[in-house]
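Notes for the one structure printed next.
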Amino acid sequence: MIATDAARHRIYLVDGSGYIFRAYYALPPLTRPDGTPVGAVLGFCNMLQKLIDDTKVDGSVSHLAVVFDSARKTFRNDIYPEYKANREAAPEDLVPQFSLIRDATRAFSVHSIEREGYEADDIIATFVARARTIGAEVVIVSSDKDLMQLVGDGVTMLDPMKNRIVDLPEVLEKFGVAPDRVVDVQSLAGDSTDNVPGVPGIGIKTAAQLINEYGDLESLLARAAEIKQPKRRENLIAFAEQARISRQLVALAADVPLEEGFDGLLVADPDPATLEGFLAENGFKALLAKVRSRNGSPAGALPAAAPPAGSDPDPVAGAAAPSGGDEAPAPSDSVYELVQDTGALRRWIAAASKAGVVAVDTETTSLDAMRAELVGVSLSAETGRACYIPLGHVAPAPTGELAFDGGDSSMPEAPKQIDRDEALALLKPMLEDPAILKVGQNLKYDLLVLRRYGVDIRPFDDTMLLSFTLDAGRHGHGMDELSELHLAHKPIAFKDVAGSGKAMKSFAEVPLERACDYAAEDADVTLRLFQVLKPRLATEHLATVYETIERPLAPVLVAMEAAGIKIDSGQLTALSSDFAGRIAEYEKEIHALAGDAFNVGSPKQLGEILFDRMGLEGGKKGRNGAWSTDANVLEKLAAEGHELPARVLDWRQLAKLKSTYTDALQNQINPQTGRVHTSFAMAAAATGRLASTDPNLQNIPVRTAEGRKLRRAFIAEPGHKLISADYSQIELRLLAHIADIGSLKAAFRDGLDIHAMTASQVFGVPIEGMDPSVRRSAKAINFGIIYGISAFGLAQQLGVPQRQARDYIDAYFEKYPGIRAYMDRTKEFCHHHGYVETVFGRRCHIGGINDRNPARRGFSERAAINAPIQGSAADIIKRAMIRMPEALAAAGLKARMLLQVHDELIFEAPEAEAEATAALVTSVMEKAALPARALSVPLTVDAGIGDNWGEAH
DNA sequence: GTGTGGCA
DNA sequence: TGCCACAC
């Protein structure tokens with residue numbers, strides 16, 4: 001029955017090992033969100049799926065197997081030790097894909113075959129020999145020319161890379177002989193990739209000619225003396241034995257001992273859940289969608305990525321079993337302990353000391369670290385064990401109706417917990433012990449909270465910063481996301497513990513057991529993440545970025561956030577009411593002009609008024625079918641003399657200033673310090689830039705006169721000055737350096753006006769007496785270049801037709817061909833690696849760089865061009881910031897660094913030290929790239945001193 | 001190009 | 001959620 005079945009149909013044998021290498025080099029280096037490389041795996045899966053589809057369609061397949069090499073050493077090494085000795089070890093990012101490809105094969109319910117000591121080719125040859133005896137057809141799926149010797153007599157090859165069938169004509173074309181003589185040709189010609197020696201001076205062409213003339217290798221060697229060409233004759237005689245050895249190497253062994261009969265290779269349908277689970281786990285979205293639609297699976301139904309959790313082996317107090325119904329349990333064997341007495345606390349501190357590494361997490365009453373009160377601390381010194389130490393819990397707030405409990409109506413008491421100061425006194429030596437590494441997730445927050453309790457955590461590692469350094473641009477770096485990604489575990493959500501929105505309660509009110517489940521799990525997860533992420537720093541060569549930039553910056557930012565900046569509240573209030581009055585006036589005017597009282601703040605209504613009712617020209621409809629009313633459109637209309645759009649622009653400016661700045665800022669003043677304390681997000685921008693939130697002090701207006709009034713509300717303490725120091729043209733300078741543009745670098749060294757120079761180069765006008773509008777255009781082009789420029793973007797910026805913008809760009813590239821070369825280089829690098837690098841080695845991953853959609857790909861390419869420039873500038877100012885506190889202290893200056901605005905630092909200094917501070921700050925900033933990277937352009941810094949930010953700038 | 005935030 | 005506007 002086996003024979004008949006096999007004979008009736010076709011046996012497909014996939015050369016798995018050969019395919020892996022070819023897919024690896026042919027495809028872009030795709031990675032899973034957790035960093036696992038999967039490019040070859042995806043290629044393999046696509047190939048397999050396509051094969052299954054194609055063969056199903058023609059109904060020809062009956063048996064299917066993937067064959068793999070096993071072990072590097074085979075019987076061929078006994079014949080010739082140098083066989084394949086020239087092969088380099090598999091690339092680092094290919095190695096983990098081997099086992100994934102075996103998993104993939106299983107997931108597709110395809111049989112895989114390997115035999116210790118044999119290459120895949122030999123196994124295939126053995127099956128081919130057996131198939132021939134029973135008259136079955138075989139299709140070998142491979143691009144490996146070594147398998148061509150098997151073709152013919154019911155055997156064909158299918159090249160999956162080229163999607164091409166290889167049969168007799170193709171073999172004849174490749175080797176010049178029929179398949180049964182391919183081995184003879186190869187043994188003469190040798191093969192440099194497999195280190196098969198052959199005979200010197202003989203290639204495939206000559207070998208084929210000789211074999212066709214003499215019949216086979218042995219006949220040729222026997223009659224070698226007859227050969228006319230002296231060199232060829234001598235070599236064939238001298239290297240006859242080498243040719244025979246080569247023949248043994250290239251001839252495939254058809255006698256591999258295989259238990260598998262053909263009946264073991266019958267095709268089977270994959271289990272939908274298993275296959276979809278595998279594809280989902282590896283992020284193969286397109287393939288998953290295809291398989292799902294075929295299986296009729298609902299789009300959301302994902303087999304859980306997390307391994308099934310075992311039952312809790314240790315039912316001690318506070319064990320991890322979450323009280324909720326369906327959320328994933330804690331990492332399977334974790335045990336959490338509630339610490340309520342000093343004895344237990346001492347044991348945990350001793351455990352941390354013994355381990356030398358401890359994950360730490362603090363629970364507080366607020367997300368705002370400057371207002372947060374400490375509620376508890378969790379620790380994990382050993383994987384799977386964590387504790388929660390409640391310190392500031394209060395009795396849970398009464399929930400709704402009180403049940404009559406028979407009499408005791410006294411206030412519920414606070415739960416049992418160690419006295420906060422006593423616990424901190426015990427914890428402090430451990431948290432500050434230089435021999436114990438503390439690990440946190442976004443530890444900047446904990447540092448900021450604990451510094452108000454007199455505790456300074458050091459030394460430390462931060463899993464968020466590790467993740468950011470390793471995977472910026474690939475995914476977010478919050479703990480929940482990292483846990484799901486790296487640990488296949490979904491931690492208890494904060495909102496499930498404390499609620500959310502209006503019903504949110506303070507963590508201090510969460511019952512201890514519930515708080516322990518949540519808090520201890522965070523420490524547990526943090527330690528596990530640390531164990532996953534930290535080793536990657538070295539293997540991925542990112543330790544320097546993390547250790548010299550990200551980690552040391554955190555305490556510097558803590559000091560800046562703690563310092564805050566003083567706001568003149570009165571000035572802000574006055575500004576606010578001034579704006580309010582004028583907004584109302586504009587509104588009246590606008591309604592009068594429109595002849596209708598509509599909501600000026602609604603772009604939808606505005607668009608209808610302008611274009612539908614008033615019938616103005618130049619309207620564009622956006623994607624949602626609504627009229628576009630952005631500033632560009634309104635400015636154009638205003639320039640044509642229409643008054644309504646002009647007033648709307650005025651209205652918008654003030655409305656924005658009022659709502660976003662004057663009003664919001666006042667609510668952000670900390671009542672205890674009287675200052676505004678922004679929070680700098682370290683892991684927000686993929687380029688390495690910081691972001692500022694609550695409030696965002698990196699987008700305080702400066703462009704317009706009205707906006708600048710706001711900056712004047714940022715003031716220095718009495719007797720102090722604000723100092724603003726900003727890098728001049730840092731991104732253009734870095735472009736000149738990175739792209740290595742001689743003329744640009746020279747211009748910066750000579751201190752020329754770079755925009756005027758660009759204008760004169762691109763438009764061919766002399767710098768002397770240049771029209772300011774010409775220089776302005778050049779400036780826009782320079783910015784556009786940094787942003788990766790598109791004709792569309794530049795046209796938008798300059799308000800000129802796209803054609804004209806295109807001409808400008810062409811003219812620019814004509815003058816600076818090196819910049820186009822840089823852009824092409826960078827895109828190419830990113831297409832291949834999926835990331836780009838800054839001057840200091842920071843990696844910025846760019847998603848969608850290989851997207852098939854040209855618009856999306858173009859967007860990613862512009863990001864790839866911009867990231868090394870923006871990111872290098874971010875690195876440089878971070879380096880300056882890290883050095884700044886020490887430099888100030890060494891110079892005996894009392895100045896404090898308060899803010900960073902991408903290329904600008906704001907300081908507050910005693911009036912008498914303002915000049916000295918400005919000079920020192922300038923020097924530190926200008927030298928910030930040194931000594932690690934000597935730039936080929938100078939960095940220059942402009943510093944200003946004033947009583948307020950507007951004045952200092 | 002990179003962000004945050006307010007509003008409908 | 002998308003639009004708009006502010007910063008570098």
Side-chain angles (χ1 to χ4, degrees), chain A residues 472-473 598-607 620-635 648-665 667-668 678-704 706-708 710-711 724 726-732 734-735 780 782-790 792-794 796-797 823 826 830 836 838 844 846 858-874 877 899-906 949 953:
Chain A
F598 70 102
N599 183 349
V600 186
S602 163
K604 186 168 167 284
Q605 293 181 28
L606 176 64
K620 283 178 301 218
K621 283 202 177 177
R623 219 173 337 182
N624 58 4
W627 293 104
S628 168
T629 65
D630 64 21
N632 250 329
V633 173
L634 297 187
E635 268 161 26
V648 170
L649 283 169
D650 295 332
W651 181 93
R652 274 193 187 166
Q653 190 197 5
L654 292 186
K656 163 82 176 172
L657 290 176
K658 183 174 185 305
S659 69
T660 313
Y661 301 105
T662 56
D663 295 356
L665 217 44
N667 300 327
Q668 296 280 354
T678 187
S679 178
F680 289 105
M682 300 185 69
T687 54
R689 268 196 186 181
L690 298 177
S692 161
T693 60
D694 310 301
N696 181 358
L697 296 187
Q698 290 181 323
N699 71 342
I700 303 299
V702 70
R703 231 183 60 242
T704 63
E706 294 301 331
R708 275 195 296 276
L710 247 147
R711 291 206 167 205
S724 161
D726 67 288
Y727 283 108
S728 160
Q729 314 274 17
I730 187 168
E731 294 195 341
L732 270 181
L734 284 168
L735 173 68
N782 277 332
F783 273 100
I785 292 295
I786 289 168
Y787 297 157
I789 208 142
S790 65
F792 172 81
L794 184 63
Q796 186 95 351
Q797 185 65 34
M823 291 181 167
T826 307
C830 194
V836 289
T838 68
C844 314
I846 311 287
F859 182 82
S860 296
E861 285 173 346
R862 291 194 289 280
I865 289 164
N866 172 257
I869 302 167
Q870 191 182 111
S872 296
I877 196 165
L899 298 178
Q900 188 248 45
V901 192
H902 307 309
D903 66 352
E904 175 187 17
L905 293 173
I906 316 292
W949 190 3
H953 190 75

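In what follows, chains carry the letters A, B, and so on, assigned in the order in which the sequence lines appear, proteins first and then strands, with residues in each chain numbered from 1.
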Phe859(A) CZ to dT2(B) C1', straight-line distance once rounded to whole Å: 9 Å
Heavy-atom check, side chain of Asp694(A) versus side chain of Thr678(A), under 4.5 Å: no
Below 3.5 Å between N/O atoms, which protein atoms pair up with nucleotides 5-8 of chain B? Just atom names and distances, please.
{"from": "dG5(B)", "atom 1": "OP1", "to": "Asp694(A)", "atom 2": "N", "distance (Å)": "2.9"}

Classify the nucleic acid contact of Ala867(A) as base, sugar-phosphate or nothing, counting any heavy atom under 4.0 Å across all strands shown. nothing
Of all the nucleotides listed (dC8(C), dC6(C), dG3(B)), which has the minimum atom distance to the side chain of His902(A)? dC8(C)
Grab the CZ-C1' distance between Phe783(A) and dT2(B) for me, whole Å please. 13 Å
Rounded distance (Å) that lies between atom P of dC4(C) and atom CG of Leu649(A): 12 Å
Does the side chain of Asn699(A) reach to within under 4.5 Å of the side chain of Tyr661(A), using non-hydrogen atoms? yes
Rounded to the nearest 0.5 Å, what separates atom CE in Met823(A) from atom CD1 in Ile789(A)? 7.0 Å
Do any side-chain nitrogens or oxygens of Arg862(A) fall under 4.0 Å of OP1 or OP2 in dG1(B)? yes
Measuring from atom CD of Gln797(A) to atom CZ of Phe783(A), what distance do you get when rounded to the nearest 0.5 angstrom? 9.0 Å
Picking from Leu905(A), Ile700(A), Ile906(A), what satisfies side chain to side chain contact (heavy atoms under 4.5 Å, CB included) with Leu899(A)? Ile906(A)
Taking only N and O in the side chain of Arg703(A), is any of them less than 4.0 Å away from OP1 or OP2 of dA7(C)? yes
Using 4.0 Å as the upper bound for N to carboxylate O, is an ion pair formed by Arg711(A) and Glu706(A)? no
What's the closest nucleotide to the side chain of Thr687(A) if the choices are dT2(B), dC6(C), dC8(C)? dT2(B)
Whole angstrom value for the distance that separates C1' of dT2(B) from CG of Asp903(A): 13 Å
Roughly, in whole Å, what's the span from OH in Tyr661(A) to P in dC4(C)? 17 Å
When rounded to whole Å, the NZ to P distance for the pair Lys658(A) and dC4(C) reads 22 Å
Just list the side-chain donor-acceptor pairs under 3.5 Å for residues 648-656 of chain A, sequence neighbours left out, or say none.
{"from": "Asp650(A)", "atom 1": "OD2", "to": "Arg647(A)", "atom 2": "NE", "distance (Å)": "3.1"}
{"from": "Asp650(A)", "atom 1": "OD2", "to": "Arg647(A)", "atom 2": "NH2", "distance (Å)": "3.0"}
{"from": "Trp651(A)", "atom 1": "NE1", "to": "Glu587(A)", "atom 2": "OE1", "distance (Å)": "3.1"}
{"from": "Arg652(A)", "atom 1": "NH1", "to": "Thr629(A)", "atom 2": "O", "distance (Å)": "2.7"}
{"from": "Arg652(A)", "atom 1": "NH2", "to": "Thr629(A)", "atom 2": "O", "distance (Å)": "3.0"}
{"from": "Arg652(A)", "atom 1": "NH2", "to": "Thr629(A)", "atom 2": "OG1", "distance (Å)": "2.9"}
{"from": "Gln653(A)", "atom 1": "NE2", "to": "Thr704(A)", "atom 2": "OG1", "distance (Å)": "2.7"}

Just call it for Ile786(A): base, sugar-phosphate, or nothing, with non-hydrogen atoms closer than 4.0 Å on any strand. nothing
Within this structure, what is the CZ-to-P distance between Arg652(A) and dC3(C), rounded to whole angstrom? 13 Å
Using whole Å, report how far CG of Leu899(A) lies from P of dA7(C). 16 Å
